[in-house]
Each structure stands twice: as structure tokens, then as C-alpha cells.
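Structure, as C-alpha cells:
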Amino acid sequence: MFLISAALLFAFPGLCLTLRSQASTSSINVTIDDTLGDRSNGAQITYEPDSLWNIGQNCSACTAHPDPSLVLDGTWHDGTTEAGSDELLTATVGFNGVAIYVFCIVTRSSVSPDGNSDMTFFVDGQQAGQYEVPPDGDTTYTYNVPVFVKEELTAGPHQLRIVNGRVNGNKSLILLDYIIYRSVMPPGFIKRELKQLP
């Protein structure tokens with residue numbers, strides 16, 4: 001039997017395809033990198049409006065500068081919803097699975113960058129969670145922060161939409177690193193795959 005704990009999954013996000021088996025069902029955890037996309041099928045995250053998102057590791061004008069060596073694949077997407085704005089940033093991706101986890105880089109600095117985090121998460125158009133953490137002046141970055149966890153979804157295709165900030169709300173920073181979803185595999189998948197290993 002193959003089991004993986006949430007702590008191990010969060011500690012080693014590079015283990016993008018992790019096998020799990022219970023009784024007759026099998027599942028894999030698949031990583032969707034912010035830039036490289038879904039490692040199982042190449043699907044990409046859609047960022048809107050595109051002009052307000054930055055590829056963080058390439059952004060010299062951005063005020064947030066995490067350590068790329070501590071970020072999955074050295075990539076992240078940086079977005080700021082300005083205070084009082086009615087134009088919110090969104091990141092949307094489809095997945096086929098029973099659980100989903102969103103990981104961000106978080107800072108709680110007060111200025112440059114403004115570390116206010118205010119994210120709302122929608123699964124299949126229904127609000128499914130929020131992550132709100134105000135700045136407290138701490139300028140360090142925290143990596144692999146699970147800002148959203150949704151389990152026990154019905155097996156099948158779903159859509160995740162992340163909304164950064166609120167209409168006419170405070171300034172909000174998002175540093176999106178990666179997403180992991182758990183996908184159910186057909187019975188016997190693990191046995192077949194293990195037989196194919198060298």
C-alpha cells in the first residue's frame with residue numbers, strides 16, 4: 001500500500017507525481033507549476049488581466065524578490081491588486097481530481113512590497129475558501145505556504161479560480177508558486193506502472 005502524508009507532500013513539492021493506494025482505488029498527486037503548467041498534460045494557468053501579472057523571477061520592477069532557489073522550479077507569478085480598485089487579478093486552471101492545494105510565497109512586510117494577502121478561491125464557480133493575512137512588518141518570505149486546501153471533491157473535472165483582492169478593498173499581493181491536485185486512477189494503475197519501472 002502506498003500512502004503519502006500531507007506534511008511530506010508540502011515539504012517536497014517537486015515530487016509531482018506521487019502514488020497513493022487505498023483498497024481498490026489509486027490516486028496520484030500532480031503539480032501545476034505557475035509557469036511550466038500541469039506536469040501530466042501541459043495545461044496552463046490563465047492569468048487575467050494578463051498585463052497586471054508579472055513573471056516574478058524576471059521582474060526587475062516588482063517590489064517582491066523571493067529567493068528563486070527556494071521556489072518550485074525557480075518560478076512564480078507576482079500580482080498586485082491596488083487599493084480601491086475594481087479590477088481584480090485572477091488565476092484560473094482546470095483539473096481532474098478529488099482534491100486541490102494552492103501554494104504561495106507569503107511576506108508580511110508593510111511596504112515594498114505591501115505584504116497584505118487577501119485571496120478568495122472558487123471551485124466550479126462556488127466560493128470554497130479565503131486566505132486573509134494582514135501585514136505585520138515582517139520582511140521575510142515564507143515558502144510553500146498552503147493558502148488553500150479543498151479535499152473530498154467529486155471525482156472528475158473541476159475548475160479552480162483564484163481571485164486576488166476585493167473590489168474597493170485594500171492593496172493585495174499574490175506570489176503564486178504552484179498548485180497540486182489529487183487525481184483518481186483506474187483500478188490496477190499502480191500495479192501496471194510499477195511493473196514498467198526499470
Side-chain angles (χ1 to χ4, degrees), residues 10-14 16 30-39 42-95 100-123 127-149 159-181:
F10 299 156
F12 300 100
C16 63
V30 181
T31 299
I32 306 173
D33 182 69
D34 72 288
T35 301
L36 303 177
D38 187 318
R39 298 211 174 152
Q44 295 290 320
I45 299 170
T46 301
Y47 297 97
E48 295 180 324
D50 184 60
S51 61
L52 296 182
W53 284 91
N54 297 290
I55 298 174
Q57 69 277 8
N58 298 337
C59 182
S60 58
C62 294
T63 57
H65 298 287
D67 182 344
S69 70
L70 299 176
V71 178
L72 181 66
D73 293 323
T75 69
W76 67 94
H77 267 69
D78 177 311
T80 299
T81 296
E82 297 296 336
S85 176
D86 62 357
E87 187 171 34
L88 305 182
L89 281 71
T90 64
T92 306
V93 69
F95 66 98
I100 191 148
Y101 312 85
V102 178
F103 297 85
C104 288
I105 307 157
V106 174
T107 181
R108 299 187 68 188
S109 62
S110 299
V111 293
S112 296
D114 184 328
N116 184 56
S117 295
D118 188 352
M119 294 171 254
T120 306
F121 303 89
F122 296 84
V123 175
Q127 184 172 327
Q130 289 184 296
Y131 183 83
E132 298 176 71
V133 178
D136 63 6
D138 182 353
T139 59
T140 60
Y141 291 94
T142 305
Y143 301 85
N144 304 309
V145 177
V147 296
F148 177 65
V149 172
Q159 183 186 70
L160 170 71
R161 184 169 179 250
I162 305 167
V163 178
N164 183 50
R166 298 170 192 264
V167 173
N168 299 319
N170 295 326
K171 187 174 184 178
S172 180
L173 172 69
I174 179 171
L175 302 173
L176 179 61
D177 190 3
Y178 60 97
I179 297 166
I180 291 177
Y181 66 91

Mutual orientation of the aromatic rings belonging to Phe95 and Tyr181 [parallel < 30°, tilted 30-60°, perpendicular > 60°]: tilted
Considering all heavy atoms, the nearest Asp33-Asp177 contact: OD1-O, 3.8 Å
For the student: nearest non-hydrogen atoms of Phe103 and Asn144, plus distance: CD2-O, 3.6 Å
Non-neighbouring partners of Asp38 that pass salt bridge (charged side-chain N to carboxylate O under 4.0 Å, His left out), sequence neighbours left out: none
For the student: nearest non-hydrogen atoms of Ala43 and Ile32, plus distance: O-CG2, 4.5 Å
Euclidean distance, His65 NE2 relative to Cys59 SG, rounded to 0.5 Å: 7.0 Å
Derivation and outcome, side-chain contact (heavy atoms from CB on, under 4.5 Å), residues Ile55 and Thr75: CA-CA 7 Å; Ile55 298 174; Thr75 69; 5.8 Å; no
Gap separating the CD atom of Gln57 from the NE2 atom of His77, nearest 0.5 angstrom: 8.0 Å
Distance, nearest 0.5 Å, that separates CD1 of Ile162 from CG of Leu89: 11.0 Å
Contacts of type side-chain hydrogen bond (donor to acceptor under 3.5 Å, both in side chains), residue Thr107, not counting sequence neighbours: none
Given Val106, Asp34, Ile105, Val145, the one that forms side chain to side chain contact (heavy atoms under 4.5 Å, CB included) with Leu175: Ile105
Distance in Å, Trp76 CH2 paired with Thr35 OG1, rounded so as to fall on 0.5 Å steps: 9.5 Å
Pairwise salt bridge (charged side-chain N to carboxylate O under 4.0 Å, His left out) hits with a residue in residues 59-80, at least two apart: Arg39-Asp73
CG-CD distance between Asn170 and Glu82, expressed to the nearest 0.5 angstrom: 11.5 Å
Non-hydrogen atoms of Gln44 and Val93 that approach each other most closely: O-CG2, 3.9 Å
Student check: side-chain heavy atoms of Glu48 and Arg161 closer than 4.5 Å: no
Option from Asn54, Thr92, Leu176 for which side chain to side chain contact (heavy atoms under 4.5 Å, CB included) with Tyr47 holds: Leu176
Heavy-atom pair of closest approach, residues Thr81 and Glu87: CG2-O, 3.9 Å
Distance in Å, Thr120 OG1 paired with Phe148 CZ, rounded so as to fall on 0.5 Å steps: 10.5 Å
Shortest non-hydrogen separation from Thr90 to Trp53 and the atoms involved: O-NE1, 3.3 Å
Qualifying residue for side chain to side chain contact (heavy atoms under 4.5 Å, CB included) with Tyr101, from Ile180, Val147, Ile179: Ile180
